[in-house]
Each structure stands twice: as C-alpha cells, then as structure tokens.
Protein chains: 2
Amino acid sequence: MDIKNEQSMEQAILETAERIFLEKGFALTSTTEIAREVGCNQALVHYYFRTKDNLFNTIFEQKFKMFFELVFNLEKLEELSFLDKLKHIIESHFDMVRSNSKLPLLIITEFSRRPEQLNILKEKLQAIPERLFEKLNAELDAEIVAGRIRPISLMDLIMTTVSLNISLFLLMPIAGEIISLNEIQRQFVVEHRREEHVTLILNSLRP
Amino acid sequence: MDIKNEQSMEQAILETAERIFLEKGFALTSTTEIAREVGCNQALVHYYFRTKDNLFNTIFEQKFKMFFELVFNLEKLEELSFLDKLKHIIESHFDMVRSNSKLPLLIITEFSRRPEQLNILKEKLQAIPERLFEKLNAELDAEIVAGRIRPISLMDLIMTTVSLNISLFLLMPIAGEIISLNEIQRQFVVEHRREEHVTLILNSLRP
DNA sequence: TATATATTTAATAGAGTTATTAATTGAATG
DNA sequence: CATTCAATTAATAACTCTATTAAATATATA
C-alpha cells in the first residue's frame, strides 16, 4: 500500500515475497497472499516474475549465495593463531546464522523437497571454498603435527560448527515452547550457547 | 493395491500417509495422492480419518512421542560411570535419529509453520524427562565437584548431543550433493561422525 | 499534444484440493 | 436367505491457486 513511490513495485514484491517465503516456505506461500501484503494486483506478481517458481528462485539463489559468501568471508585474520582464527570463524558464523535465523530451515526444506534446485547451485558453490580450505587445512595440519591439536579433519570442524550453530535456531522455537521460555530467556540461552559452542569446540581439540 | 487382505485398509492408509508425509511434509501431500498410492478411493481416507489434519495429527503425535520416548529410554545403565553412560546416550540417540532420519525435519517444519500443534503436546512432553534429568543431573554435578568434568549444565550437554545428531541428517542430503558423495561415501561419513560426536563431546568435558 | 511503451488491473480458464453425500458392494448374523 | 452394518466408491460442491489475456491507466518520448 502506497509504497509505490518510495521504491519500485518490483522491489516491494521481492521483499514481501522474501519475508513470506522465509516464514512459511514455498508451498504455503501463494502469489495471491504476496500481492495482498504488497497491496497490488495478483497479476502484477506474475507480470514481473512470470511464475511463482521464478520469483522463489530469484530470492532463494540470492539468499543462498549471500549465506555461503558470508560464511567463507575470512579475510583479515592473517595475524591470528589457528585457535583464535577458529574462534573467530565460529563466532562469525554464529552471528550470521542468528541474523538470518529462518534461512537454514528454508534451505533445508526446499532442497530436500525440490532437489532439482541443487544442480543449479552445485558448481557455483564448489568454487568458493577451495582456496580458503587449503590455507586453513595447512594450518590445522601444522598444529596437529606439532601436537597442539588432536588429529581431526577440517571437514569435521566445519560440520561441527555449522551443526551447532544452525541447530540452535532450528530447535529454539520448539524447545523454548516446550520448556516455556519467554523472549528474554531465549536471548539469554542464545548468548550462552554462543560461548558454549566456542568452548566446546576449542576444548575438544586438545590432544 | 491388494494389500487389503493382509492388513486393514485403515492401517495401509496410515502407513502410506506416514511415508509420504515424512517425504514431502504436510502441505505437499494430498489425500488424493495417499489414496492413489494405497490403491483405494480418495473418500476412504476421509471416511477413516475425516480430515487431512486429523490423519496428520494421528501420525505425527505417535511418531513424536515415539521419538522422545526413545531418547529418554535410559534404563539399565545403572552400573556405568557417568562418562560411559553419556557415551551410551549419545550413541543411542544417534542410532535412533539415523533410523528415523526424516522425522526431525518434519517435526521442525510442522512446528514452525503450524505452531498450534505445540500446545497439544506440551504437557505430555514436560512429564517425561524430569525423573531422568534429576538423576543424571546429580551425577553430572558430582563429577564437576570432584573436578573430573568442567562446569557445564546437563541442558547444554543435551542440546549439543541433539544438535550434532540431527544436523548430520539434515545437512547430509545437501552437503553430500554439493560435494558429490555417493551412497557408500555418505554411509562412511555417517559412521565416522557417530564416533566423532562421542569423541568431541567427551573430550570437551575435560576440565 | 499525440503516440508509443510500461505498468497495473479485472476477469477468468483450468487444474488441483478437501470434504461431503448418496449409492453400491461386501460381510456377518440371526 | 434376508437383513443389517461396515467398507468402498462415484460424483460433485466449494474452494484456492497459478497463470494468462485483454483492457485500462500511467509515463515517457518525439
């Protein structure tokens, strides 16, 4: 409603669609609802994006890439020790998931229910991490050889980090409801887990 | 089709519905499809369960309870040390998630998208864990006081265990596709992570 | 201003969904 | 065997959703 002059209709549709898709997923979101919330005719959604699939993919690919690029944005950590670097990675990843807390579920559900999506993004993703991985991998190996860290693969470290960070936000709505936490208590748990994830992982690396 | 004599139609509908709901979630599953796969008329699904919601809730509640009861089925661990007990819990939980690998996603999506469900199950769930928690909690505290384990709450331990175990199966389909793992390689990763989760958690508990 | 182009809307076809109803078939029992 | 009740089906009402089309309106351009 009357956003028209502030920003383009196309943009308004994109933003509203993103919000609703993140909230309800692809299947439960209708172009009719998007139009209603934007305050425009339903046909306009199809005028700009032709199909609901198109609209979804536009948003999804953009978010998905953003998500992964943020994860692997590890510049300016040169001077840190491996463990400090790792601490920083865990915390940045945590913060990034926290500020996009509905995205992991969307990625997981849409991929497991419409797997064709994967092929589109496969090659785009395979490119990103390689350089960074090699660098970190070398450092990790050096620490292991020096006996300062137990033998472990970088892949395991990444899986652990990602698992802990995303699960917190996947489980929080359910667990918080079951054990009746209010908003402040939930934020407290989130803050506490942010520290715990670092402690847990770093502690576990001791030989 | 022609399952009719081997088991009741009602049962066949339940089982087929369960399979399809687990695969595609509530929204993407239609009673028409369930009937088609069972090999019966679509009205029959409604004859036995009246509404799609009813059918789903019947299945969902049963699975949900089963899931949680399995998790907290910790009898016959009396003679073990705390760490051995913990190892056993992590591994049992892992095995249970592995053999119900599509259930966590269903629980998470249906709860975050149709939260009314939660209230139905809230009190049923609050009852279960208390006894077990108190026992384990006491043992954990004893270990901490004795200086054999770093200070940590049982809640944190449980969250970590659940997070790691369910995330593996949530992420595997995506990650496995992106880095192109075949079925055997995936099983290998799963086996490896089963050990890693135990190592990781037990290691991290050292003071 | 006249004309072309882009944006927006109303209307609707066509497909699919849930749920109900009435009719049909099957099984069981007196 | 006839009757009763349960199981099953065919038909369909009432929706909702996506996508398209043609008409209306706004904007830009010459």
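Since this is a predicted model, take the numbers as computed values, not measurements.
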| note | By side chain to side chain donor-acceptor pair (under 3.5 Å), R186(B) pairs with (sequence neighbours left out) E177(B)

| Non-neighbouring partners of S153(A) that pass side chain to side chain donor-acceptor pair (under 3.5 Å), sequence neighbours left out | D156(A)

Atom [atom1] of [X] and atom [atom2] of [N]: how far apart are they, to the nearest Å?
X: I34(A); N: dC17(D); atom1: CD1; atom2: P; answer: 11 Å
X: E10(B); N: dA6(D); atom1: CD; atom2: P; answer: 13 Å
X: Q42(A); N: dT7(C); atom1: CD; atom2: P; answer: 18 Å
X: M9(A); N: dT25(D); atom1: CE; atom2: C1'; answer: 14 Å

| remark: By ring pair (Phe, Tyr, Trp, His ring centres under 6.0 Å), F111(B) pairs with (sequence neighbours left out) F60(B), F64(B)

| said: I'd like to check the ring pair (Phe, Tyr, Trp, His ring centres under 6.0 Å) partners of F49(B); sequence neighbours left out, ordered by chain and number. | reply: none

| Presence of salt bridge, E61(B) and K65(B), under 4.0 angstrom | no

Taking salt bridge (Lys or Arg N to Asp or Glu O under 4.0 Å) as the test, write out the residues that go with [X], two or more places apart.
X: K63(B); value: E18(B)
X: D141(B); value: none
X: K87(B); value: E91(B)
X: E23(A); value: none

| field | Interface with DNA chain C, restricted to residues 18-30 of chain B and to heavy atoms under 4.0 Å | value | T29(B), S30(B)

| remark: The correct set of residues in residues 46-56 of chain A placing a heavy atom under 4.0 Å from DNA chain C is Y47(A), Y48(A)

| Which residues satisfy the side chain to side chain contact (heavy atoms under 4.5 Å, CB included) test with E33(B), sequence neighbours excluded? | I20(B), K24(B), S30(B), R36(B), E37(B)

Collect all protein-nucleotide pairs involving nucleotides 21-26 of chain C in which both atoms are nitrogen or oxygen and the distance is under 3.5 Å.
none

| said: Can you tell me which nucleotide in dT17(C), dT9(C), dA10(D) comes closest to the side chain of N41(A)? | reply: dT9(C)

| query | Hey, is the main chain of S204(A) close enough, under 3.5 Å, to the side chain of R150(A) for a donor-acceptor pair? | reply | yes

